[in-house]
Amino acid sequence: MALAGCGDQPTPVKVDMTQREESAAGARQPVITYAYLPQFSHTVSFERHHRLVQYLTETTGLNIQQIFPETFHEHMLMVAQGKIDISYANPFVYALTAEHSEAKVFAKILEPSGEANFGGLIIIRTDNPDIHSLQDVRGKRWIAVDQFSAGGYLFGLGYFIDNDIRPEDFAEIVFAPGPGGKQESVILGVYAGRYDVGTVREGALELLEDKIDMSQIKILAHTPRYPGWSFAARAGLAEEVVRDLKEAMFALDIDDPDHRLILESAAMRGIIPAAPEDFDAVRELVRRAGLE
Amino acid sequence: MSAFFLSLHRRSFQSKINLGLALIIICFGLLLGAINYAVSSRAVLREALMRGEMLSMNLSARSTESILSMNFLRLTNLVTEIVDRDDRNDLVYAFILDRHGQVLAHTFRDGFPVALLHVNPVEDHQPFGMRFLDTGRERLYDFAAPVMVGSTRVGTVRLALSHTTIKAAIDRLMWINLAATIGATFLALFVGSLFARTVTRRINALRHSAEQVVKGNLDVQISPAPDRNCWEIMNCTEQRCPAHEDRLRRCWYVAGTFCPDCSAGNFPDKLDDCRNCTVYCRNSGDEIQSLAESFDFMALTLKNHIEELRRSEGNLARQKQLLNTILDVTPDMVTLQDVELIYLAVNKAFCRHVGREESEIVGSTDFDIFSDEQADRNYHEDMQILLTRQPLSKEIMTRGSKGKKWHHVVKVPVEENDRVIGLLTTARDITVVKQYQEKLIHSQKMEDLGRLAGGVAHEINTPLSIILGYSQLLLKDFPPDDPVAQDIEIIEKQAQVCRKIVADLLSFSRTTEQAALPMDINASLREVADLVEHIFRQNRIVINLHLDDRIPPVSGDKERLKQVWMNLFNNAADAIGMDGCISVTSKLCAHRRRLVVAVADTGGGVDENDLDKIFEPFFTTKPVDKGTGLGLSVTFGIIKDHGGRISAISPVPSEYMDVSPACTGESGPGTVFFVELPLEGNELPPDECIEIPKKET
């Protein structure tokens with residue numbers, strides 16, 4: 001029995017467990033921190049941007065490291081505190097951040113469609129018997145991505161207001177819980193029937209195409225388009241650093257196979273220069289929605 | 001080893017089954033236990049290793065976000081929770097490395113063992129890696145899983161399972177296996193013992209019954225009686241059915257049952273029809289019960305056969321006894337020989353004849369019993385009969401120590417199914433018949449001779465009277481002293497002799513009616529005895545009379561019977577000559593239907609060969625000129641005329657010896673004459689007179 005039980009035991013590798021060391025505070029190299037507003041999960045954020053970060057690192061020679069704030073609010077706070085050197089954020093967050101931390105936008109992306117603007121989607125379940133038009137959303141439960149989400153909240157809120165639907169008309173307004181992955185949470189919340197109405201940004205539905213039956217999700221309305229995501233440098237970041245980054249970013253060419261891989265991973269078609277005034281429409285919307 | 005097998009061989013069948021079952025169960029239990037242990041221990045190990053894989057991959061997946069966000073608290077919580085919440089207590093450690101191999105979180109409380117960092121490298125494309133580690137204190141299964149985001153590796157998780165804990169689980173499994181095997185063995189032994197006891201109890205019953213049968217007790221009953229019999233199941237009221245009310249045998253063992261579906265054959269031929277019968281389906285049992293029923297049936301059949309055989313044996317014995325009795329009491333000699341002429345059976349008469357025991361004769365041939373010459377003669381004669389199948393009937397005369405014997409022999413071939421299987425021989429002693437036959441011839445001859453002598457005497461009597469007359473006339477012519485007168489006297493004397501002879505011859509042949517008057521035999525005997533007594537006394541011959549006073553008067557010719565007594569007395573005196581006794585005895589024979597007169601002398605006796613001839617005319621043993629040989633012939637004729645019989649025996653039997661003092665002197669063997677006369681009628685009764693001793697043959 002002993003032979004039968006232990007006959008196929010591999011030869012053990014000797015390990016000396018007596019040599020131990022405590023974690024020591026090692027010398028940290030100066031790094032440029034790069035953060036992607038956590039509209040998706042950290043892994044999605046990593047997958048989308050780590051090639052771009054790696055490209056920028058290799059191109060500029062800077063030690064750029066992607067970091068992952070847990071929430072929109074944390075992201076904005078870290079930008080304000082100067083913990084994020086390069087912030088890739090939606091126009092709503094940028095508008096708010098710029099107001100408080102004097103971060104400077106220096107580039108914006110072209111959406112995969114080739115446009116610089118993007119919009120939001122108002123979605124319901126296809127088989128919801130109570131909602132046939134936008135006006136039917138009154139009294140219903142609304143789930144939005146985050147209170148600082150542009151496509152996932154702000155654009156939708158602006159659209160409801162433009163259609164005389166006030167936030168208080170809803171029975172409930174809920175923001176997706178947890179860190180990251182919020183676009184997906186909104187879609188899944190509507191899909192599960194827990195909420196009647198959901199607001200996400202354009203292109204979010206494609207993330208779950210292979211996970212849920214998309215025919216159960218109906219797009220009730222498309223919001224107007226606003227300027228898209230942008231790169232902003234924290235106040236005080238060296239000019240040459242921003243310059244090197246801008247050069248590297250603007251050098252990305254969709255026709256270059258290597259660059260194309262980087263750009264498509266990051267769900268963008270290209271990066272173009274941007275100025276703070278490009279986002280006035282968003283600031284206007286924020287004011288209109290009373291979210292200042 | 002041989003002693004072990006011998007000991008095993010001597011054990012009971014139940015012990016053998018128990019031992020066999022125990023051996024099989026233990027062997028199979030150990031084998032199955034070993035296989036089960038091997039399989040289950042491998043399964044436990046594989047499950048533990050899979051658990052390690054899953055834990056490592058799970059930790060890898062769960063730690064991805066935290067690694068990306070550098071959330072050390074969550075990473076530390078992840079590794080400590082996975083170790084602390086391990087309810088199996090086999091997780092020894094867990095830690096997480098970043099993509100540069102720097103430790104982000106670990107569960108070691110007193111510093112991280114740096115040697116662990118390099119012992120289990122895992123490639124990006126591998127889902128996990130496993131190494132078996134020996135720390136000196138214990139052995140570990142170390143699992144490493146890369147933390148991947150897409151195709152990019154962001155870190156590594158590591159954890160270790162305790163080999164000791166897994167081995168303890170395997171050992172626990174082994175003990176459970178062992179205990180289950182032992183428990184199953186004992187359970188199987190118990191159940192097997194019950195089973196063996198059930199089987200062997202019935203086999204022992206069979207063995208016991210077989211022993212009883214061997215001992216001769218055929219009244220055995222092994223198979224249990226059915227709870228419901230065939231007539232109860234079939235609601236049968238047929239009282240004549242042989243199976244009805246037969247509670248010992250199942251109906252399919254009984255021949256000639258009345259069920260419409262039953263065949264007429266006997267067991268086991270009729271069994272083919274019983275297979276689908278309700279009674280058979282209900283009352284038939286397993287193989288052992290069938291064996292027991294067959295055994296009962298066999299014992300019953302055997303008992304019936306034996307009883308039948310005993311009856312037949314008794315009948316045969318009685319018949320044999322009867323046949324032996326018949327054969328043994330018959331005076332005929334009976335033998336049975338086979339085709340090789342070997343004696344198969346003989347009766348007692350034959351045994352007496354050849355002077356051997358039956359056991360000596362049976363199985364032997366004539367060459368073993370008779371002389372070679374006799375046996376050879378018998379062999380050829382017998383073979384001739386066997387070949388020709390012609391029976392033989394003949395009369396043979398043999399001479400032996402007891403004299404001449406006549407036998408009538410019949411030899412018959414014994415046939416069976418048109419084939420000769422033996423020879424039956426019977427031989428009847430016809431000596432007496434032959435003697436009677438000879439006497440008859442002799443009597444006829446005497447009668448013819450008497451008639452002839454009478455005729456001759458009658459013719460001679462006339463010239464003889466003339467001769468005598470003329471001789472007497474001539475005698476008167478001469479003076480007595482003249483020589484012529486002397487010659488004439490001689491002529492006259494011889495003529496007188498001749499006249500006496502002729503008178504005797506005439507008397508012998510007289511056929512005239514006698515004067516049959518009642519007379520006293522004893523008185524006539526006394527009268528003649530008184531007459532001759534004086535003459536005999538001159539020669540010192542004494543006559544002793546032993547007369548039976550019970551003799552009644554008989555019818556007879558007194559004068560002629562007196563002549564008979566005279567002849568017999570004279571004969572006796574002639575036989576004695578000088579100095580002797582004549583014993584005269586008269587007595588009634590048994591049944592009182594005849595009398596017998598015996599005249600015994602103490603003379604020289606008569607030769608045995610002459611005894612049959614002494615009554616013939618002119619036969620005499622006397623010297624020449626002393627007797628004519630006609631006296632006993634005349635006596636024979638007179639006695640015959642009286643319907644009696646005369647016979648003689650020499651020497652005198654002891655009971656007729658005269659024991660009077662005058663006769664105790666030296667004397668010859670003597671002769672005794674017996675005269676038998678019927679008391680009534682003119683013919684002797686057919687029964688024998690036991691007072692007359694037989695001649696020794």
Side-chain angles (χ1 to χ4, degrees), chain A residues 1-29 31 33-36 38 40-54 63 65-71 74-75 78 83-84 178-181 261 265-266, chain B residues 30 33-42 44-45 61 64-72 93 102-106 108 110-116 118-120 130-142 147-152 154 160 163 167 170-171 173-175 177-178:
Chain A
M1 284 193 179
L3 286 173
C6 304
D8 53 354
Q9 199 69 269
T11 307
V13 178
K14 294 278 184 188
V15 179
D16 182 9
M17 297 282 279
T18 56
Q19 292 183 5
R20 306 214 173 195
E21 68 176 17
E22 294 295 342
S23 301
R28 300 291 181 191
Q29 284 187 327
V31 294
T33 55
Y34 177 101
Y36 176 18
F40 301 113
S41 66
H42 292 336
T43 51
V44 173
S45 300
F46 178 82
E47 283 179 331
R48 283 194 169 192
H49 281 254
H50 82 275
R51 283 193 174 84
L52 178 59
V53 171
Q54 194 172 3
N63 183 14
Q65 183 177 347
Q66 188 180 5
I67 61 170
F68 300 87
E70 294 290 340
T71 62
E74 185 183 342
H75 185 99
M78 289 175 74
K83 292 180 180 176
I84 295 173
L261 183 61
S265 295
Chain B
L30 289 176
I35 293 171
N36 188 27
Y37 171 70
V39 172
S40 55
S41 61
R42 280 168 190 262
V44 167
L45 184 63
T64 308
E65 298 270 329
S66 301
I67 291 173
L68 288 174
S69 62
M70 287 296 161
N71 192 331
F72 294 102
Y93 60 75
Q102 193 171 356
V103 179
L104 298 176
H106 63 80
F108 298 99
D110 48 354
F112 184 82
V114 289
L116 277 178
H118 310 292
V119 294
N120 192 7
M130 194 276 283
R131 279 291 172 90
F132 189 44
L133 305 182
D134 184 3
T135 66
R137 291 176 58 188
E138 61 179 339
R139 294 188 170 188
L140 307 170
Y141 292 100
D142 186 279
V147 183
M148 302 293 293
V149 179
S151 59
T152 306
V154 297
H163 171 258
K167 190 171 181 304
I170 291 173
D171 290 345
L173 200 63
M174 182 188 74
W175 287 113
N177 257 326
L178 195 62

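All chains are named by letter (A, B, ...) in the order of the sequence lines, taking the proteins before the strands, and each is independently numbered beginning at 1.
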Report summary line: Sequence neighbours excluded, the answer for salt bridge (charged side-chain N to carboxylate O under 4.0 Å, His left out) partners of A/K83 is none

Query raised in the report: Does some side-chain heavy atom of B/L133 sit less than 4.5 Å from a side-chain heavy atom of B/L116?
Result: yes

Report task. Using non-hydrogen atoms and a 4.5 Å limit, figure out which bit of B/V39 sits close to chain A: side chain, backbone, both or neither. Result -> neither

Query raised in the report: Taking every heavy-atom pair that is under 4.5 Å apart, which of B/N71, B/V149, B/I35, B/L140 has the most such pairs with chain A?
Result: B/V149

Report task. Please name all residues satisfying salt bridge (charged side-chain N to carboxylate O under 4.0 Å, His left out) with B/D171, sequence neighbours left out, ordered by chain then number. Result -> B/K167

**Report entry** Any side-chain heavy-atom pair of B/M70 and A/I67 under 4.5 Å
**Finding:** no

Query - Heavy-atom pairs under 4.5 Å with chain A, option from B/V154, B/L173, B/T152 with the top count - result: B/T152

Query raised in the report: For B/S151, is it the side chain, the backbone, both or neither that has a heavy atom under 4.5 Å from a heavy atom of chain A?
Result: side chain

